[in-house]
Amino acid sequence: MTTFPVTFHVPAKSAEPANASSSMEGFDFIIRGMTVRQFSPGKYVAVAKSGDWELLSGETLNLLADSTITLPTELSARLISKFLITSPFEGNGTALLRKARSTAKHATVRLGPSLHIIVPTLQCAHSCQYCQVSRALGSEGHTMNIDDLDAACDQVFESSAQTLTVEFQGGDPLLRFDLVKRAVLRIVNRNQRERRTLRFVIASTLHQLTLEICEFCREHGIYLSTSIDGPPWLHNRNRPTKERDAYERTLDGIRMAREVMGPDSVSALMTTTRLSLAHPHEIVDEYVQLGFHEIFVRPLSSYGFAKRNQARLGYSVGEFQSFYEAALDRVLWWNARGVPIREVYASIICNKILSTFDAGYVDLQSPTGAGSSVIVYNYDGYVYPSDEARMLAETGDDSLRMRAIRENERESFPKVVESLRQASEPDTAEGCRTCAYHAYCGPNPVDAQAQHGSMNVHAHDTEHCARHLSMFDNMFKRLANAPEYLLDVYCAWGKPVGTGTAL
Amino acid sequence: MRQSPGNFRPETSRKAFRAVPLAELPSLWEPELNYIIPVKDNSDIARVEALIEKGLTNLSWITGSDIEQGDVIFPRPDRNVVDISYRESDLHHTLFLTNRCNSNCLMCSQPPTKHDDGWLVDEALDIVRHIGRSPSSIGITGGEPLLLGSRLRQVLDHIEEVHPTTRIDLLTNGRLLSDATVASTVLDGLSAQVAWLIPLYGHAHMLHDFVVQAPGAYEQTLEGILRLQDRGFPIQLRIVLIEPVLEWLEDLCDFVGKNLPFVREVALMACEPVGFALANNDICRLDLNDWQVQLSRASRKLARYGVRHLFMNTPLCALPPELRPLAQRSISDWKQVYSDECTGCAFRESCSGLFAWHARAWAPTKITRIEELA
C-alpha cells in the first residue's frame, strides 16, 4: 500500500504544541481545505464541519495534494456532497442545506435543559471504593430539605423543552423513597396543566425496592436504572456491603421490577475498575445472561475518585481502551449470533459519526451541555451544571456551583454556565479548533476542572481528549473494515433513540 | 391519453362532459355541469333530444363508444372521437397541466414543447368540477406545473374546493420554488393536501444537472425541497434508474439518507421507454438485473437511515427477491400491459407489468415468469 508522503504531514495552520500527548497516534492536517486525520497507520479520514466524512487512501491523498489535477467525477461529487470541498457552483440550495443540517444537529441543545437530576440524599448502603460522594446510612445532613425539593420540582418546568427527563440520583434515592414519591407526585400534578412529555428514572442499587415502590413506578411510568459491574464476584468486590451480597440483592430487585413493571423497566450501567480490566467477556456475558438489551461500558476518570485510591483502582486511557475494544467485540459477537445487545458508548460515537441528528450526549456536546441541557438539584440546596460538577463539590471544589435552589434573585443565565460555555467553545478552544474530530467532540470543562483545577486547559492535556481521540480512531478503524451487517448494526446504534438517559 | 371512438350529437363543442346513464340523470343533474348520455338506439337519442328541447341544454349523447359511467370526456368535434380525461374506476388519476418545461431530462417521457398551452389548465379546471365521486388521490403533471404560477394555484384551490378529501400528488422539478415570488404564489396559505413528487438524480450539481440538461437545476431543486420541508409538506423523491444515475446510486442514497431524511419516501423508478429515452437509448436502455448489486446496496443505505423507499415501474422479475416486496403496481391503468411470458407467473397479480409501448422499445429486463416458491 502506498503511504501518504511524509512531506504532506503538515500540521494545521496554528501549530500544535510539540508535546501534544504521546498517546495520540496520527496527525491532523489540511488538504484542499479538508481536515484530514490519520486514524491508523496509512489510513486517513477527512471530516467536514457537518460531521460528514470520507475515508481516503494514500493514493487519493496524493491525487488531492496535486492541485493541478482535476479530480475524477466520482471523487469530487462525493467530496462535494459531504461538504468536504466547495464547488464554485454552490448556490442557495446547498447553503440552505448546510443550515438545515446544523439545525438538525443542534436541535437537542437548543430547547433548554431536558435532563433534570434531583439528588434527594447522599446516603447509600454500598461503600464503593471509587465513589466520591455517597455517605453511610444514618449519616446526618446529607438529605435534601423539603422546601428545596419542592422548589426543584417547580423549576423543572422552567425549561422550555417539550420532553423532560427527571432522574433521581444519589446516594441511593430509594433510601428516601418518601422524597422521591413527593417529587414525582408534585411534578405529575403540575404537568396536568403543563402538558410536557415526562420521563422519570430512578438510579438505585434496588436493595430497598419493595412491591409498593414497583406499583408506584408502574403507575407513573418510572424507569429504574441500576448498576451491574459484572459477574457476582466482581460486582461484590467493586460494591462492598456488610453482608457481601450486593449482587444478589440487586438481582432480586431487577426480578421484582421486571415482574411488576415489565421486562424493559430496568436498565443497568457498569463501571470499569482496575479489577474489571481482565474480564471484558465475562462482563458482557453477564449482561446477556441477565437479559439486558444495553450495556454501557463506562470508564472511571483517573482523577474521579479519592486520591488515596488512585494507585489501586486507577488505570490509563490505553488500558481502558484495550478493555473496551475487547468488550465491544464481545457485544458484536453476541449480535452476530442473534442477541441484540447495544453498547451505549459505541452508540454515542456512532451517533456522532453516522447520524444527522445528535443524541445530545452531554459530555460530547460543544459547547458543553452542562448547565444548559442538563441541570442538577443537589441535596445540599444548590444547583449544579452536571452530575460530575456536584461530585466535584463533594471533594472540596465548589467552583461550579450555579446558585442556591431557592435563591431570591436569580440570574437567567448564571455566570458559571457562561464560563463553561466559553471554555467549551470548540471553535476557540485550544487543541480542538484544528482537530479533525471537531464536529463530533468538544472540550469537557467540568472534567478539566476536576483534573486540573481549571476549565481552561489545553484539550490535549485532558484525559477527556485522549480517550475520545482513541474512541473515534477506533470506530473509524471498525467502519473501514466492517462487513455490511456490522454497518447495519452501527447505523442502528447511531440513531438518537434511548441515548438521552443520564450517565 | 385514453381515447374512444363514438358518434356524438352534432354541434357538441369541445368541453368537459360527465358520462351518466339516462336513468341516473334526474338525481345527478346540476345546471352548471355538462352531461353526456351513452345511448344504444334512436329511441334513446329521441329521449335525450326531448330533454334538450325542454331546456336542459347542458346535455349531449354519444353512441358506439366505450366510455364508462363517471368518465369525464372531451369530444373532438372534428373527428368521431372523444378524449377520456378521467375514469372513475382507474387506480391512478392524472391532470396534465402543461407541456412546457424548464428542464430537458435525458429520459423525458413527455418531451417539452414551447408554445402556449394555457388551454390545458382551463380543461383541467373543467375536468375537476365534472368529477362525480371524489377520488382518494389525483396526480398533477406536466411539463413543469410550477411554470404556471398562479394558475397552478388556481387548480390546487379548485380541487380542494370541489373535492376536499382528495389528496394531490404534484409532480414537479421544484426548481421554481427557489423563486420567492413563485413560492409565495403557490404556497402561501395553501390548504389543499399536496404531496410533492420531486426528481433528484445526483448528490452533486454536475450529476443532477447533466441528467436534467439544465445548469443550476440541482441547487434550485434542493432549495425547493428544503423550502417545502420548512412548510411541512410531504415530499416523495423520485429517482429514475438510467445509467448515469445507477452508476452513483449508492452515493445518492447516502446523501438523501443523511441530508433529506425527512422525505416521506424515495421512489426508485424504471425508465419509461418513450420520448427522449428512445433518442438516448444508449444510457436509458438497460437490464435492471445487471444492476442488482447497486439496487440492493442503495436500498440498504436508505434502510439504514430509516428512509422509506419503493420501486416503481419495475416488473418483479427485474428485481432481486429481497427487493420485490418494495415494488409497487405503479403504471397508470391505461398504459399498463403484461407480456406473453407473464402468463402463468405466480406474481402477475401483484406486478406492475410493463408500459404498453415496451413492445416498440424495450422492457426493463428480460421478462421471466416467476415460479411459485415451493
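Hydrogens, waters and symmetry mates play no part in the numbers below; they use all other heavy atoms, side chains included. Below, chains carry the letters A, B, ... as their sequence lines are ordered, and counting in each starts from 1.
- In this structure, the portions of A:Leu487 lying under 4.5 Å from any heavy atom of chain B include both its backbone and its side chain.
- For A:Trp334, there are no ring pair (Phe, Tyr, Trp, His ring centres under 6.0 Å) partners, not counting sequence neighbours.
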Atom pairs (donor, acceptor) spanning chain A and chain B, under 3.5 Å:
{"residue": "A:Arg78", "atom": "NE", "partner": "B:Asp251", "partner atom": "OD1", "Å": "3.4"}
{"residue": "A:Arg78", "atom": "NE", "partner": "B:Asp251", "partner atom": "OD2", "Å": "2.9"}
{"residue": "A:Arg78", "atom": "NH2", "partner": "B:Asp251", "partner atom": "OD1", "Å": "3.1"}
{"residue": "A:Arg78", "atom": "NH2", "partner": "B:Asp251", "partner atom": "OD2", "Å": "3.2"}
{"residue": "A:Ser87", "atom": "OG", "partner": "B:His205", "partner atom": "NE2", "Å": "3.0"}
{"residue": "A:Gly91", "atom": "N", "partner": "B:Glu219", "partner atom": "OE1", "Å": "3.2"}
{"residue": "A:Gly91", "atom": "N", "partner": "B:Glu219", "partner atom": "OE2", "Å": "3.2"}
{"residue": "A:Gly93", "atom": "N", "partner": "B:Glu219", "partner atom": "OE1", "Å": "3.1"}
{"residue": "A:Thr94", "atom": "N", "partner": "B:Glu219", "partner atom": "OE1", "Å": "2.7"}
{"residue": "A:Thr94", "atom": "OG1", "partner": "B:Glu219", "partner atom": "OE1", "Å": "3.1"}
{"residue": "A:Thr94", "atom": "OG1", "partner": "B:Glu219", "partner atom": "OE2", "Å": "2.5"}
{"residue": "A:Arg101", "atom": "NH1", "partner": "B:Asn259", "partner atom": "OD1", "Å": "2.6"}
{"residue": "A:Ile353", "atom": "O", "partner": "B:Lys258", "partner atom": "NZ", "Å": "3.3"}
{"residue": "A:Thr356", "atom": "OG1", "partner": "B:Lys258", "partner atom": "O", "Å": "2.6"}
{"residue": "A:Glu484", "atom": "O", "partner": "B:Arg304", "partner atom": "NH2", "Å": "3.1"}
{"residue": "A:Glu484", "atom": "OE1", "partner": "B:Arg304", "partner atom": "NH2", "Å": "2.7"}
{"residue": "A:Glu484", "atom": "OE2", "partner": "B:Arg297", "partner atom": "NH2", "Å": "3.4"}
{"residue": "A:Asp488", "atom": "OD1", "partner": "B:Arg300", "partner atom": "NE", "Å": "3.3"}
{"residue": "A:Asp488", "atom": "OD1", "partner": "B:Arg304", "partner atom": "NE", "Å": "2.5"}
{"residue": "A:Asp488", "atom": "OD1", "partner": "B:Arg304", "partner atom": "NH2", "Å": "3.0"}
{"residue": "A:Asp488", "atom": "OD2", "partner": "B:Arg300", "partner atom": "NE", "Å": "2.9"}
{"residue": "A:Asp488", "atom": "OD2", "partner": "B:Arg300", "partner atom": "NH2", "Å": "2.6"}
{"residue": "A:Lys495", "atom": "NZ", "partner": "B:Arg304", "partner atom": "O", "Å": "3.3"}

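- Side chains of B:Leu222 and A:Leu97 form a contact here, defined as non-hydrogen atoms less than 4.5 Å apart.
- Within 6.0 Å of CZ in A:Arg195 there are 12 or fewer heavy atoms belonging to other residues, nucleotides or ligands.
- Listed options A:Gly91, A:Ala100, A:Cys491 were ranked by heavy-atom pairs under 4.5 angstrom with chain B; first place goes to A:Gly91.
- For B:Leu260, the part lying near chain A is the side chain, with the backbone staying farther off; criterion is any non-hydrogen pair under 4.5 Å.
- The shortest non-hydrogen separation linking A:Gly93 to B:Leu226 is O-CD1, 3.6 Å.
- Only the side chain of A:Ile80 comes within contact range of chain B, with heavy atoms under 4.5 Å apart.
- The neighbour count for A:Tyr345 OH, taken as heavy atoms of other residues, nucleotides or ligands under 6.0 Å away, is above 12.
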